[in-house]
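First comes the structure, then the notes that go with it.
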Amino acid sequence: MKILVLGGGGREHALVWKLRESPRVEKIWCAPGNGGIAAEAECVAIDAGDVGAIVAFAEGTHPDLTIVGPELPLVNGLTDAFRQRSWAVVGPSKQAAQLEGSKIFSKEFLARHHIPTAKMYGTYDSSADVYKALNSVAWPVVIKADGLCAGKGVFLAPDVAAAKDFVERVMEKNELGPGGRRVLLEETLEGEELSFIILTDGNRYAPLVPTRDHKRVFDGNQGPNTGGMGAYSTDELLPDDLRETIRLTIVEPTLSGLAADGIHYQGFLYIGLMLTKSGPKVLEFNCRLGDPEAQAILARLDFDLAEVLSDVAAAGHLDPSKLRWKAGAGTCVVLASGGYPGKFESGKRIEGLTSLGQITGVKVLHAGTKLLGDAVVTNSGRVLGVTAAAATLEDALAAAYEAASRIHFEGMHYRRDIGAHPTRQKAAGD
Ligand SMILES: Nc1ncnc2c1ncn2[C@@H]1O[C@H](COP(=O)(O)OP(=O)(O)O)[C@@H](O)[C@H]1O
Ligand SMILES: [Mg+2]
């Protein structure tokens, strides 16, 4: 098989890493890829969101299977263009990707199908309307920009002044671009978050192992939100009764709701959950694997990824029993550029990458790197995802942190508490 992977972050490096383990894979292209992927696949300098350019590339190279990593190609209609040509591709259609591309679309979908989620106060096209609505909400209130905002479109507002400031930046100053033209207000939920991702061919589905990510930049969940500073996966995140509740109240109503709405959904569906006192509730949908959740999940993979994904894409014959997972745990610790998620500099030389061979179970996945001569240099805010799998979470974390301690670049920072249970953490701070 010849496979084309779209995207150039840690999630895509993880996909390439596992696809290469399949004996049936003879060639992988990655567009655009990065400095680490370049050692394992042929990187092609095409923007993953440029549908025309990707189609032209596939026309010339005939991949047997194309796997879409990030959301932008989906929202831009890449999978529709491929399916029109009968090319095998993993990822939902442009219409289905509205579940991620429009938070208002997804809230309306959840309400229509009676799927548990935060109560919505309303949706608004103008800041004046939001200001009016703020008179009758409970505090803190959650404000969400409707469109894609690269993780910056959600704000938990403690009071009117903070809410107005956010709305002004998003709706009047357009700081987040067109994604901020409309917003919604919803109630604040309390609980722990859980990422529940399924793979579906539009007919059958299989859940992946559960994960939790760490969004805030500093230890103890302090500081601003990031794209994700780390993640971990253990089966303990999901006791059997919770798994069953999620299946019955969320996953199956979502899939049957999509079918009832005439939306054929194929690919990965990420369900962001808040585990509240009154049960799990949907925070959001993403139409793809999470990053860095994918790294922690794929570290535990124990099946032929190329085979399963071509079952999903080409034949539409997903066999859920083929998805097997290593017991124990997977984790990913993100090493970030100095200043991230604020301003940061790129082009810093990364040292220590070649000294990690001895640490069992560790794989350093590149998120934002590029090659400069024979050096690997930083090229983004999130630079590396040090990924490890082991029989226990403690062992996986120890291996990942040992590897992280041997890597260095100017300004590098990372969280030291990936995998720490939030309630345990709180108790320890009391
Ligand atoms: N209703 C809510 N109550 C409490 N926290 C929320 C709520 N909605 C979102 N959040 C918090 O904001 C984060 C980002 O929101 P989310 O809907 O996942 O949007 P995005 O990932 O697109 O920024 C969530 O991971 C969660 O921590
Ligand atoms: Mg989210």
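Since we're looking at a predicted model, the values are computed, not measured. Below, each value reflects all heavy atoms present in this structure, side chains not excepted, and no hydrogens, waters or symmetry copies. Each ligand, and each atom within it, is numbered from 1 in the order the structure gives. Position 1 is the first residue of the sequence, and the numbers go up from there.
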Closest heavy-atom approach to atom 25 (O) of ligand 1 among Glu193, Lys215, Lys152 is made by Glu193

Quick check: Leu189 and ligand 1, any N/O pair under 3.5 Å apart? yes

Do Glu284 and ligand 1 have an N or O pair less than 3.5 Å apart? yes

So, Glu186 and Lys119, do they make that salt bridge, N to O below 4.0 Å? no

For [atom], find the nearest protein heavy atom and state the residue, atom name and distance (0.1 Å precision).
atom	result
atom 12 (O) of ligand 1	Val154 CG1, 3.6 Å
atom 7 (C) of ligand 1	Leu283 CD2, 3.4 Å
atom 2 (C) of ligand 1	Val142 CG2, 3.5 Å
atom 1 (N) of ligand 1	Glu186 OE2, 2.8 Å
atom 17 (O) of ligand 1	Lys144 NZ, 2.9 Å

Kindly confirm or rule out a cation-pi arrangement of Lys144 over Phe155, judged by NZ or CZ under 6.0 Å from the six-membered ring centre and within 45° of its axis? no

Nearest 0.5 Å please: distance from the CG atom of Asp219 over to the OH atom of Tyr414. 10.0 Å

Going by the atom numbers of ligand 1, which of them fall below 4.0 Å from some non-hydrogen atom of Lys103? 17 (O), 19 (O), 20 (P), 22 (O)

Check if Gly151 has a non-hydrogen atom at a distance under 4.0 Å from any atom of ligand 1. yes

